Enquirer: 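Pasting a structure here, questions to come.
Quantities reported herein were computed from a predicted structural model and do not represent experimental measurements. Computation of the quantities below employed the complete heavy-atom set of this structure, encompassing side-chain atoms and omitting hydrogens, waters and symmetry-equivalent molecules.
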Amino acid sequence: MTDDLKPVTIYGILALQGDYEAHRKMFESQVGVKTAFVRTPHDLDAVDALVLPGGESTTIAKLMNRNGLDAAIQTRLEHGMPAFGTCAGLILLSKRIDGRPNQPTLGAMDVTVARNTFGRQVDSFEADIPFQDLEGAATPVRGVFIRAPYVTEAGPKVQILAHFDDKIVAVRQGNLLGIAFHPELTDDARVHTHFARIVERSREKRT
Ligand code: GLN
């Protein structure tokens with residue numbers, strides 16, 4: 001599919017479980033781009049990028065596997081589809097989960113994540129997170145962490161965008177953006193806008 005055949009970029013939002021509505025609201029009302037919910041491989045065909053929301057990564061993985069959506073997403077990711085995962089979405093994009101070798105993921109980002117183990121703050125907390133590469137980067141992002149993962153290891157192609165308490169909480173690898181917290185639950189659209197720039201610059205090779 002080429003740009004001249006498809007002038008409007010559609011941001012797919014994986015809508016099986018979790019806070020996908022919050023992402024839709026952020027992209028539609030604050031970033032000003034068009035979105036579509038993705039629940040089937042057919043839905044995936046109609047979108048140019050994919051957002052993986054926060055939620056429960058094991059549940060989302062199970063639901064994706066029922067109709068082959070996981071394999072369809074993997075194929076698109078291999079061809080360079082831009083993707084943006086928050087919290088459970090970051091877990092799903094990662095290649096490895098610390099201590100859980102059998103939990104399925106899409107295996108796209110060369111990172112290891114640890115689930116539900118944010119020191120003593122295992123449940124919810126908020127913190128101001130300095131974030132590299134954002135417009136207005138001098139102002140930190142408000143990080144809403146809900147049983148959040150963090151990145152324990154990042155491969156050489158992974159750019160680290162943010163830390164909290166010496167732990168990696170935001171990463172980018174090419175067209176992939178993974179955030180341990182939930183920018184979609186604030187009214188600061190800078191992280192979503194950052195992803196929109198990645199999408200604008202990307203050129204996926206689709207057959
Ligand atoms: N703890 C969840 C998981 O491991 C992620 C939490 C979230 O997305 N807010 O899937």
Enquirer: So which heavy atom on Val151 is nearest to which on Val113, and how close?
Expert: CG2-CG1, 4.2 Å

Enquirer: To the nearest 0.5 angstrom, please state how far the OG1 atom of Thr105 sits from the CG atom of Leu52.
Expert: 11.0 Å

Enquirer: So which atom in Ala22 and which in Leu185 form the shortest heavy-atom distance, rounded to 0.1 Å?
Expert: CB-CD2, 3.9 Å

Enquirer: Quick one: pull up CD in Gln132 and CG in Leu161 and give me the separation to the nearest 0.5 Å.
Expert: 6.5 Å

Enquirer: What pairs of residues pass the salt bridge (charged side-chain N to carboxylate O under 4.0 Å, His left out) test when at least one of them lies in residues 80-109, not counting sequence neighbours?
Expert: Arg96-Asp110

Enquirer: Between Val199 and Ser202, what is the shortest heavy-atom contact and its length?
Expert: O-OG, 2.9 Å

Enquirer: So, for Arg39 and Phe37, which heavy atoms are closest and what is the spacing to 0.1 Å?
Expert: NH2-CD1, 3.9 Å

Enquirer: Taking atom types as modelled, is there a side-chain donor on Gln159 or Asp133 under 3.5 Å from an acceptor on the other?
Expert: yes

Enquirer: What's the spacing between Leu176 CG and Leu90 CG if we round to 0.5 Å?
Expert: 11.0 Å

Enquirer: Would Leu63 and Thr59 count as a side-chain contact (heavy atoms from CB on, under 4.5 Å) here? Give the steps.
Expert: CA-CA 6 Å; Leu63 294 171; Thr59 306; 4.0 Å; yes

Enquirer: Would Glu56 and Arg147 satisfy salt bridge (Lys or Arg N to Asp or Glu O under 4.0 Å), going step by step from the backbone distance to the final call?
Expert: CA-CA 10 Å; Glu56 175 54 47; Arg147 294 185 65 74; over 6 Å; no

Enquirer: Ring centres under 6.0 Å, that's the criterion: do His182 and Phe145 meet it?
Expert: no

Enquirer: With a 4.5 Å cut-off on side-chain heavy-atom distances among I, L, V, M, F, W and Y, is there a chain of contacts connecting Leu177 to Leu134?
Expert: yes

Enquirer: Verify the cluster assignment for Ile198 and Met26: are they in a single hydrophobic cluster under the rule of side-chain heavy atoms below 4.5 Å apart?
Expert: no

Enquirer: Should Val38 and Ile13 count as side-chain neighbours, where that means a heavy-atom distance under 4.5 Å?
Expert: no

Enquirer: How many angstroms lie between CZ in Arg76 and CG in Leu44, if you round to the nearest 0.5 Å?
Expert: 5.0 Å

Enquirer: Thr86 side chain to Gly89 main-chain N or O, any donor-acceptor pair under 3.5 Å?
Expert: no

Enquirer: What are the two closest heavy atoms between Val171 and Ile168, and how far apart are they?
Expert: CG1-CG2, 3.6 Å

Enquirer: Can you tell me if Glu28 uses its side chain to pair, donor with acceptor, with the backbone of Thr35 under 3.5 Å?
Expert: yes

Enquirer: So that I can tick it off, tell me whether Arg197 and Glu135 are bridged by a salt bridge, with the cut-off set at under 4.0 angstrom between side-chain N and carboxylate O.
Expert: yes

Enquirer: For the backbone of Ile10 and the side chain of Asp48, can you confirm whether one donor and one acceptor N or O come within less than 3.5 Å of each other?
Expert: yes

Enquirer: Kindly say whether the aromatic ring centers of Tyr11 and His23 come within a distance under 6.0 Å.
Expert: no

Enquirer: Looking at Ala162 and Ile129, what are the two nearest heavy atoms and their distance?
Expert: CB-CG2, 3.6 Å

Enquirer: Hey, what do you get for CG (Leu69) to NE2 (His42), rounding to the nearest 0.5 Å?
Expert: 12.5 Å

Enquirer: Side chains of Cys87 and Ile179: does their closest heavy-atom pair fall under 4.5 Å?
Expert: no

Enquirer: Pair Leu14, Met64 - check side-chain contact (heavy atoms from CB on, under 4.5 Å), show working.
Expert: CA-CA 9 Å; Leu14 185 64; Met64 282 194 300; 3.9 Å; yes

Enquirer: For side-chain contact (heavy atoms from CB on, under 4.5 Å), just list the numbers for Ile97 and Thr112, CA-CA rounded to whole Å, side-chain angles, deciding distance to a tenth of an Å, and then say yes or no.
Expert: CA-CA 5 Å; Ile97 304 178; Thr112 306; over 6 Å; no

Enquirer: Are the side chains of Phe195 and Phe27 in contact, using a 4.5 Å heavy-atom criterion?
Expert: yes

Enquirer: Run the salt-bridge test on Glu126 and Arg142 with the 4.0 Å N-O cut-off and return the result as yes or no.
Expert: yes

Enquirer: Is it true that a side-chain atom of Arg190 and a backbone atom of Thr139 form a donor plus acceptor pair closer than 3.5 Å?
Expert: yes

Enquirer: Would you call Pro140 and Phe131 a side-chain contact if the rule is heavy atoms closer than 4.5 Å?
Expert: no

Enquirer: Can you tell me how far apart CG (Asn175) and CZ (Phe84) are? Round to the nearest 0.5 Å.
Expert: 14.0 Å

Enquirer: Could you check Asp70, Thr58, Ile60 and say which one makes a side-chain contact (heavy atoms from CB on, under 4.5 Å) with Leu92?
Expert: Ile60

Enquirer: Would you say the side-chain atoms of Asn65 pair up with the backbone N or O of Ala61, donor to acceptor, closer than 3.5 Å?
Expert: no

Enquirer: Checking side-chain polar atoms at under 3.5 Å, does Thr9 have a donor or acceptor matched by the opposite partner on Glu200?
Expert: no

